[in-house]
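Notes follow the structure.
A quick note: this is a predicted structure, and the numbers were derived from the prediction, not measured.
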Amino acid sequence: MEYNKYRFEHTTAKVALFDNGTEVKEFHAVITVNDAHLTFHEQLVAVLEAYTFLREGALKGAEAVFKRYFLSDAANQQDAVIVADASECAKSVIQQAPLNGTKIALWVYMMTGVHTRISRSGLYETAHGQYRHLWNGSAHNLAANSEYQTRLLLNEYVMQLLEEGCKLSENCIRTWFFVNDVDLNYGGVVRARNNVFFTQDLTVHTHFIASTGIGGRQADINVLAQMDNYAIDGIQKEQIHFLYAQTHLNRTSDYGVSFERGTRIDYGDRRHVFISGTASINNKGEVMYAGDVRRQTHRMWENVETLLKEAGSSYDEVMEMVVYLRDTADYQVVRELYEERFPNKPYVIVHAPVCRTGWLVEMECMAVKNIGNPEFAPF
């Protein structure tokens, strides 16, 4: 894994590169703003200029697969982002304020050697070899409450996958649920997901899907749940492995929710590891170190490290990290911890309440490992 940092006048970009000598190189870049005195428009322009510089320079030839914009005030900023970035890729825009005091940050996932298009169902397709990678961002609706909104989101996604010749249970690898006022509305999201998953043969006896459920909102206050998702067409059951880390974590179904702690995908030439939103928890489902964000961060790291190890990976192969804080006052402590342990990795720390009030910090990440497995087709 190669890590690079690029400094611009008003922004910093941290970039991770996976290159195993094949035509498909993978990049994760996190672009943050350095100057909080700039207006939102100025910060947006600075972020887009940094992205353009990377795409035309160090990342030349790479296509954007997925972007996520983190905003401090979606009601006043979301439309401007949508207008300014008209690029054709899956885009997620969510109010989760960057906690360095600025108004916007960007995480972008890019690849070389792939073919991209909007698929017939409206999902963003990245194709190479026998695989079609299907991404979607910012899916939402205006049903009456969070439960109905989530049920409709999932049912519509099931239909999109069917149109692509896929199934939720066989092809969906990763989801994100952003919940407006998570303390109030997360219960409805959980109920809807549990019910829809049951109809799709996603149970504790089969498997669930790696996921993050976290606080976040759109410009329209009536949108109570946003869903981003990722699926793979052409993947075989034998290529997918679910991660449990039972020495450190319990099954999520023990406390009534339905997602996997992580998922490992093996290709002929590489392994992808998706770690779900992970917090300071033990294998009985109990919050560890209540009220102490420093100790919670260390326990969270240990949990993630155990999941990565189960996947045959480690932090050395992590390409990006998103860190969620409930209390903005904890930012300085957590930032110092991350800078000490992960100074070169692309990461962003944002304000987003975790789904249980006792959890002060949560993180998710993706790792890529170079492997050789002739049993499967290469990526």
Side-chain angles (χ1 to χ4, degrees), residues 146-159 161-162 166-179 182 185-214 225 227-232 235-266 272-288 299-300 302-304 306-312 354-359 362-366:
S146 63
E147 182 172 354
Y148 291 166
Q149 287 188 17
T150 305
R151 187 189 303 272
L152 183 58
L153 283 170
L154 285 167
N155 286 336
E156 288 179 343
Y157 184 46
V158 167
M159 297 306 295
L161 289 174
L162 285 174
C166 298
K167 293 182 178 180
L168 188 70
S169 59
E170 297 178 7
N171 301 95
C172 183
I173 303 300
R174 184 73 163 88
T175 63
W176 292 262
F177 290 93
F178 301 106
V179 187
V182 70
N185 292 314
Y186 185 64
V189 173
V190 168
R191 288 190 295 274
R193 181 170 59 184
N194 288 350
N195 291 336
V196 173
F197 276 14
F198 183 79
T199 69
Q200 301 298 312
D201 196 30
L202 290 163
T203 73
V204 68
H205 303 295
T206 57
H207 68 86
F208 297 123
I209 297 167
S211 188
T212 298
I214 198 77
M227 184 174 68
D228 301 347
N229 43 61
Y230 166 57
I232 310 170
I235 202 77
Q236 304 300 313
K237 181 179 179 180
E238 294 76 22
Q239 295 175 254
I240 305 172
H241 302 268
F242 301 102
L243 308 175
Y244 302 101
Q246 292 180 335
T247 58
H248 286 64
L249 300 163
N250 66 331
R251 294 294 302 273
T252 62
S253 54
D254 291 351
Y255 48 91
V257 294
S258 49
F259 67 92
E260 295 295 353
R261 299 294 188 182
T263 303
R264 183 190 102 199
I265 310 295
D266 282 349
H272 283 177
V273 183
F274 297 90
I275 302 298
S276 300
T278 302
S280 177
I281 190 173
N282 64 17
N283 62 2
K284 297 179 181 178
E286 300 165 336
V287 176
M288 298 290 288
R299 174 65 189 210
M300 174 185 71
E302 184 180 339
N303 288 345
V304 171
T306 306
L307 288 164
L308 290 168
K309 184 177 180 180
E310 186 174 309
V354 186
C355 61
R356 287 168 68 177
T357 55
W359 282 329
E362 179 172 303
M363 71 170 282
E364 62 180 61
C365 63
M366 178 183 175

> Does Ser280 reach the main-chain N or O of Met288 with its side chain, forming a donor-acceptor pair under 3.5 Å?
Replying inline: yes
>> Go through it in stages, so that I can follow the logic: the residues are Arg264 and Gln239, the test is side-chain contact (heavy atoms from CB on, under 4.5 Å), and I'd like the CA-CA distance, side-chain angles, deciding distance and then a yes or no.
In response: CA-CA 8 Å; Arg264 183 190 102 199; Gln239 295 175 254; over 6 Å; no
>> Would the distance check show the side chain of Asn303 and the main-chain N or O of Leu249 forming a donor-acceptor pair, the cut-off being under 3.5 Å?
In response: no
>> Just verifying a value: how many Å separate Leu153 CG and Met227 CE, rounded to the nearest 0.5 Å?
In response: 5.0 Å
> For His207, which residues count as a ring-ring contact (aromatic ring centres under 6.0 Å, His included) partner, sequence neighbours excluded?
Replying inline: Phe242
> What heavy-atom pair brings Val182 and Cys355 nearest, and what distance separates the two atoms?
Replying inline: CG2-CA, 4.1 Å
>> Less than 4.0 angstrom from a charged side-chain N to a carboxylate O is my criterion; do Glu310 and Arg261 meet it?
In response: no
> In terms of the angle between their ring planes, are Tyr255 and Trp359 parallel, tilted or perpendicular, with boundaries placed at 30° and 60°?
Replying inline: perpendicular
> Can you tell me how far CE of Met363 sits from OG of Ser276, rounded to the nearest 0.5 angstrom?
Replying inline: 11.5 Å
> Considering all heavy atoms of both residues, which atom of Gly277 and which atom of Thr212 are nearest to each other, and what is their separation?
Replying inline: N-OG1, 3.2 Å
> Within a radius of less than 6.0 Å around OH of Tyr148, do more than 12 heavy atoms belonging to other residues, nucleotides or ligands occur?
Replying inline: no
>> I need the Glu156 CD to Arg151 CZ distance, nearest 0.5 Å.
In response: 13.0 Å
>> For a side-chain contact (heavy atoms from CB on, under 4.5 Å) check, start with the C-alpha distance between Val179 and Ile214, then their side-chain angles and the critical distance, and finish with the verdict.
In response: CA-CA 6 Å; Val179 187; Ile214 198 77; over 6 Å; no
> What are the two closest heavy atoms between Val287 and Gly358, and how far apart are they?
Replying inline: CG1-O, 3.7 Å
> Do His272 and Met366 touch side chain to side chain, with heavy atoms closer than 4.5 Å?
Replying inline: yes
>> Would you compute the distance between atom CZ of Phe197 and atom OG1 of Thr206 and round it to the nearest 0.5 angstrom?
In response: 10.0 Å
> Passes side-chain contact (heavy atoms from CB on, under 4.5 Å), Cys365 versus Val304? Steps please.
Replying inline: CA-CA 9 Å; Cys365 63; Val304 171; 3.9 Å; yes
> Is there a side-chain contact between Leu168 and Ile209, using heavy atoms and a 4.5 Å cut-off?
Replying inline: yes
>> If you compare all heavy atoms of Tyr186 against all heavy atoms of Gly213, which two are closest, and at what distance to 0.1 Å?
In response: CE1-CA, 4.2 Å
> Looking only at heavy atoms, which two atoms of Gly188 and Ser146 are closest? And how far apart?
Replying inline: CA-OG, 3.5 Å
> With a cut-off of 6.0 Å (strictly less than), are more than 12 heavy atoms of other residues, nucleotides or ligands near CZ of Phe198?
Replying inline: no
>> As a quick check of understanding, evaluate side-chain contact (heavy atoms from CB on, under 4.5 Å) for Val273 and Leu307, giving each step before the final call.
In response: CA-CA 9 Å; Val273 183; Leu307 288 164; over 6 Å; no
>> When you compare the side chain of Gln149 with that of Leu152, does any pair of heavy atoms fall below 4.5 Å?
In response: no
>> If we ignore hydrogens and angles and just use 3.5 Å, is the side chain of Thr175 paired with the main-chain N or O of Ser211 as donor and acceptor?
In response: no
> For residues 191-205, which residue pairs qualify under salt bridge (Lys or Arg N to Asp or Glu O under 4.0 Å), counting only residues two or more places apart or in two chains?
Replying inline: Glu147-Arg191
> Is a donor on one side and an acceptor on the other found under 3.5 Å between the side chain of His205 and the backbone of Leu202?
Replying inline: no
>> When you measure from the side chain of Asn283 to the backbone of Asn250, do you find a donor-acceptor pair of N or O atoms at a distance under 3.5 Å?
In response: no
>> With a 4.5 Å cut-off on side-chain heavy atoms, are Glu364 and Phe274 touching?
In response: no
> Nearest heavy-atom pair of Ala192 and Thr150: which atoms, and what distance?
Replying inline: CB-CB, 3.7 Å
> What distance separates Phe259 CZ from Arg174 CZ, expressed to the nearest 0.5 Å?
Replying inline: 9.5 Å
> Can you tell me how far the CD1 atom of Ile281 sits from the CD atom of Glu362, to the nearest 0.5 Å?
Replying inline: 10.0 Å
